[in-house]
Amino acid sequence: MSSRRSRSRQSGVPSITDDQISDLVSKLQQLIPEVRSRRSDKVSASKILQETCDYIRSLHREVDDLSDRLSALLASTDNNSAEAAIIRSLLM
Amino acid sequence: MNPKTYHHISSNPSSVKSRFTRGFLRAFKKIKRQQRLLPTSSSSSSNPSPRPYLYGRVKIAADKSLALAVGSRRAWSRALLWKIHYKAWRQRSRFNNKKKRLKENKKNKKKKKNDDEEVGFRHAKELRKLVPGGKAMDLCSLLDETAHYIKCLITQVQVMKSIDQIYSF
C-alpha cells in the first residue's frame, strides 16, 4: 500500500530540479561561516547540510546562554535592596 | 547610555532587527516589572521567583518577539508562534494527549523519508527537526526557510548580546 501512495504522489507533484536545489544550497553556504571561505565546487551539498545543522544548533545554544545571562541580570538587580524596599513600602 | 550602541541597533526602523529589539525589550521590561511586584516570602530571600522559571520566560519572550518581528510571511515564524501558543494552551488546560500525538507522527514520517532520500539528502531529516515547522515542508521550501531562519537567528543573538552588555553596566 505504501508503494501505491508514493507512485500517485510522484505523478501529481512536479519534480524538484537539480538547479533549484544547488541554488538554494549555495545560498545556505554563503551564510555559514565555516564553509563560506571554501569554493562551492569543492564542498559537497551533504557537508553543507551537516554544517547547517551544527550551525543552527550552536545558534540555539547561544540564545539559551544569553537568555540565562539576562535572567540572571533580572534576578540580581532585584536584589537592589534600596529600590525593592521602596516599592515594598509603597505597596503595603 | 552610549548613543552609539542604540544607533547600530535601529538604523532601519522597520527592519526585523529593530522590530525584534523593540518587542523583546518590551517583554523583558514586563518580566522585570512583574518580578519586582511579586511579594517576597521573607525580607532576606535571595530570589522572589526561582531562576529556571525566569530563564524559561526570557527564552519564550525572545522566540516570540523574533517570530512576531518576522510576521506571518514565513512558514517557520508561523510554526514557531503556533508552537508557543500551543505549549501555553497545553500548560493551561493540562491535558496530556500523548497517545493522539504519537499516532499522527507515525503517519507523516513515511511520506517525508521517501522525498528526502530520492534527492539524496539524508541530513534533511536532522534539519527538519531543527527548523520550526520543518517536518511539513518539501525540500525546496525547507532549504529556503532555513536560510531565512539562520539570518534571523543571527539577528536575535546580536540584539540579545547588545542588551546584555547594556544591562550589565
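Protein chains get the first letters and strands the later ones, always in sequence-line order, with residue 1 at the start of each.
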Rounded distance [0.5 Å steps], CD in Gln158(B) versus CG in Leu66(A): 11.5 Å
Contact class of Lys161(B) relative to chain A, heavy atoms under 4.5 angstrom: both
Contact check, side chains of Lys27(A) and Asp144(B), non-hydrogen atoms, under 4.5 Å: yes
Other residues, nucleotides, ligands: >12 heavy atoms within 6.0 Å of Arg69(A) CZ: no
Minimum-distance pair of heavy atoms, taken over all atoms of Ile154(B) and Tyr55(A): CD1-OH, 3.5 Å
Check against side-chain contact (heavy atoms from CB on, under 4.5 Å), Leu127(B) and Ile56(A): CA-CA 9 Å; Leu127(B) 198 54; Ile56(A) 293 184; 4.0 Å; yes
Among the listed options Leu153(B), Ile31(B), Leu130(B), the residue most often paired with chain A at heavy-atom distances under 4.5 Å: Leu130(B)
Working for side-chain contact (heavy atoms from CB on, under 4.5 Å), residues Leu31(A) and Thr146(B): CA-CA 10 Å; Leu31(A) 291 172; Thr146(B) 308; over 6 Å; no
Among Glu62(A), Gln50(A), Gln30(A), residue most engaged with chain B (heavy-atom pairs, under 4.5 Å): Gln50(A)
Neighbours of chain A found in residues 56-66 of chain B - heavy atoms under 4.5 Å: Val58(B), Lys59(B)
Flag side-chain contact, heavy atom, 4.5 Å: Leu70(A) against Phe24(B): yes
Interface moiety of Glu126(B) toward chain A, non-hydrogen atoms closer than 4.5 Å: both
Heavy atoms from other residues, nucleotides or ligands near CZ of Arg26(B) exceed 12 (cutoff 6.0 Å): no
Portion of Leu28(A) that has a non-hydrogen atom of chain B nearer than 4.5 angstrom: side chain
Contacting region of Asp65(A) [heavy-atom separation from chain B under 4.5 Å]: neither
